[in-house]
Amino acid sequence: MLYGALMFALFDSSTPEAPATKMSRQQILTLVAMASINFSSMICYSILGPFFPNEAKKKGVSQAMIGLIFGIYALCTLVGSLILGKYIVQIGAKFMIVAGLFVSSGSTVLFGFLDQVSDGTIFIMLCFITRCVNAIGFSAAVTSSFAVSAKVFPDNIATVLGFMEIFTGLGLILGPPLGGWLYQSFGYEIPFVFTGFLLFATVPLNLWILPNAVPSQNSFLRLCTRIKILLICFVVFTLSSGIGFLDATLSIFAIEKLNLSAGSVGLLMIGLSLPYGAASPVFGVISDKYPSVRKWMMVVGGMATAVSFCFLGPLPVFHIRSQLWLTVLMLIVVGFSLCMTCIPTFAEMIACAHENGFEEGLSTLGLVSGLFSAVWSAGMFFGPTIGGYITQALNFEWSAGVQGALAFLAALLQVIYFTIEDIQKK
């Protein structure tokens, strides 16, 4: 499969029939910078999935604690996104991106040397510390990159984010098999050292490329009082919760139930990230060209996500035995449906903010991207933490069913809200 070029036609989201327009040099360079951030950050994030849970288990760490180690990353990203999103104007978007990448790359390298630490409490504490520092750097880079992208492409944000998700998907695709291969070939340290230096290489690139944006001011509290914003936030929460849950639990499930090696688990995870990355540009263009279908993309995607999580284990009530082909098929459906649901959310949040009187400036974009990143991180904390606890108390099958139930609830609430909204408009 080919992963598209950076030169592509952009559509005006307010006029579906608008002709394709040529991008400026600054827009092309911004896409290059955003692509490098998405790709390198996602490789660093996903590389530990195939082998770290099993490695931590050898050191006497419980499944619930492994889930918490994964989840603490998201919790710190949540806090960092809210704070940094609020003060992006004062700090500066470009500085936040560069500093965030530097901090994140350094802590990734340090995480690679934790296997030298003795088993038990010290290992767990150092895992928490390095993950927290990494998360703060990541939240700075991602929150700012959303705001910069929306500033440079104000009329085509969903299309641009859709194409940027190609590189997110590519990082998620390459991370697990690369991590599994490097771990089996060279040991625990090399995967983290390699990806840490890869992330560090994006620092000078972004220093040179990224533009400086002009600030404006708005209120975080006012943004969070919109019902539609809160509903979309819950949708984003369920999406990231499902992904975080799979990061922390899928590898052990695959090793114990499906008898796969760490390298094979890395290949298994491609079933989730490949359809996500492949479908992202398509849904991005659809979202910008036909804004009216965004809400139903979120509903249909949420329903499909709910069904696929229920059959991922599958749930014991179905009396179906866990099989490799079924797991792969459901991961593909999950990746596709998560993409369908996720791509319209950021554009809908920005549109809702503008509809409610927020000015079109960096401050609003910073608030929206900060809120988006924070809610995403809340789900990434909830998924592995609660999912890990349920997996330890019951099993993977029931825990996956809980994730499916959350996705179904989010889709149902959207159907109710959008139906009432359509009735009131008529």
Side-chain angles (χ1 to χ4, degrees), residues 41-84 99-143 175-176 179 183 187-196 199-200 237 240-241 243-252 373-393 399:
S41 295
M42 287 303 102
I43 277 194
C44 287
Y45 174 79
S46 63
I47 200 167
L48 75 167
F51 62 89
F52 177 77
N54 209 42
E55 191 76 19
K57 205 171 183 180
K58 292 177 184 178
K59 289 184 172 288
V61 183
S62 67
Q63 175 66 70
M65 188 59 67
I66 293 172
L68 196 56
I69 291 173
F70 275 85
I72 197 66
Y73 183 95
L75 181 63
C76 291
T77 305
L78 183 158
V79 176
S81 298
L82 287 174
I83 296 174
L84 296 172
L101 292 173
F102 182 82
V103 170
S104 187
S105 62
S107 55
T108 298
V109 173
L110 289 176
F111 197 84
F113 294 95
L114 294 186
D115 66 323
Q116 307 295 327
V117 179
S118 59
D119 300 354
T121 305
I122 297 178
F123 173 77
I124 293 172
M125 292 304 298
L126 289 177
C127 283
F128 279 135
I129 293 171
T130 51
R131 292 283 284 174
C132 287
V133 174
N134 196 336
I136 293 172
F138 176 79
S139 66
V142 171
T143 300
Y183 172 74
Y188 180 86
E189 295 90 351
I190 297 302
F192 299 102
V193 173
F194 174 80
T195 53
L199 186 60
F200 180 77
F237 174 86
S240 58
S241 175
I243 294 176
F245 162 74
L246 292 176
D247 284 338
T249 59
L250 181 61
S251 61
I252 294 178
S373 299
V375 175
W376 182 275
S377 301
M380 291 294 284
F381 174 75
F382 178 89
T385 305
I386 304 302
Y389 175 78
I390 297 175
T391 300
Q392 181 174 301
S399 194

What distance do [X] atom [atom1] and [Y] atom [atom2] have between them, rounded to the nearest 0.5 Å?
X: T249; Y: I390; atom1: OG1; atom2: CD1; answer: 10.5 Å
X: M42; Y: L199; atom1: CE; atom2: CG; answer: 10.0 Å
X: S240; Y: F381; atom1: OG; atom2: CZ; answer: 12.5 Å
X: I72; Y: I124; atom1: CD1; atom2: CD1; answer: 12.5 Å
X: Q116; Y: L126; atom1: CD; atom2: CG; answer: 12.5 Å

Between S139 and I136, is there a donor-acceptor pair closer than 3.5 Å when you use the side chain of the first and the backbone of the second?
->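 Yes, the answer is positive, given that a donor and an acceptor are paired below the 3.5 Å cut-off.
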
So, does S107 use its side chain to make a donor-acceptor pair with the main chain of V103 at under 3.5 Å?
->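 Yes, because the side chain of S107 sits within donor-acceptor range (under 3.5 Å) of the backbone of V103.
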
Hey, are the side chains of [X] and [Y] touching, using non-hydrogen atoms and a 4.5 Å cut-off?
X: M65; Y: L68; result: yes
X: C127; Y: F111; result: yes
X: I243; Y: W376; result: yes

Parallel, tilted or perpendicular: ring planes of Y183 versus F51, cut at 30 and 60 degrees |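 Rings of Y183 and F51: parallel, as their planes differ by under 30°.
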
Closest non-hydrogen atom pair, [X] against [Y]:
X: G179; Y: I47; value: CA-CG1, 3.2 Å
X: P191; Y: G187; value: CD-O, 3.2 Å
X: S62; Y: Q392; value: CB-OE1, 3.7 Å
X: A135; Y: C76; value: CB-CB, 3.7 Å
X: P53; Y: I66; value: O-CD1, 3.3 Å
X: V109; Y: F113; value: O-CD1, 3.3 Å

With a sphere of 6.0 Å drawn around [atom1] of [X], does it hold more than 12 non-hydrogen atoms of other residues, nucleotides or ligands?
X: F128; atom1: CZ; answer: yes
X: Y188; atom1: OH; answer: yes
X: I190; atom1: CD1; answer: yes

Could you give me the CA-CA distance, side-chain angles and deciding distance for F245 and T391, then say whether side chain to side chain contact (heavy atoms under 4.5 Å, CB included) is met?
-> CA-CA 10 Å; F245 162 74; T391 300; 3.9 Å; yes

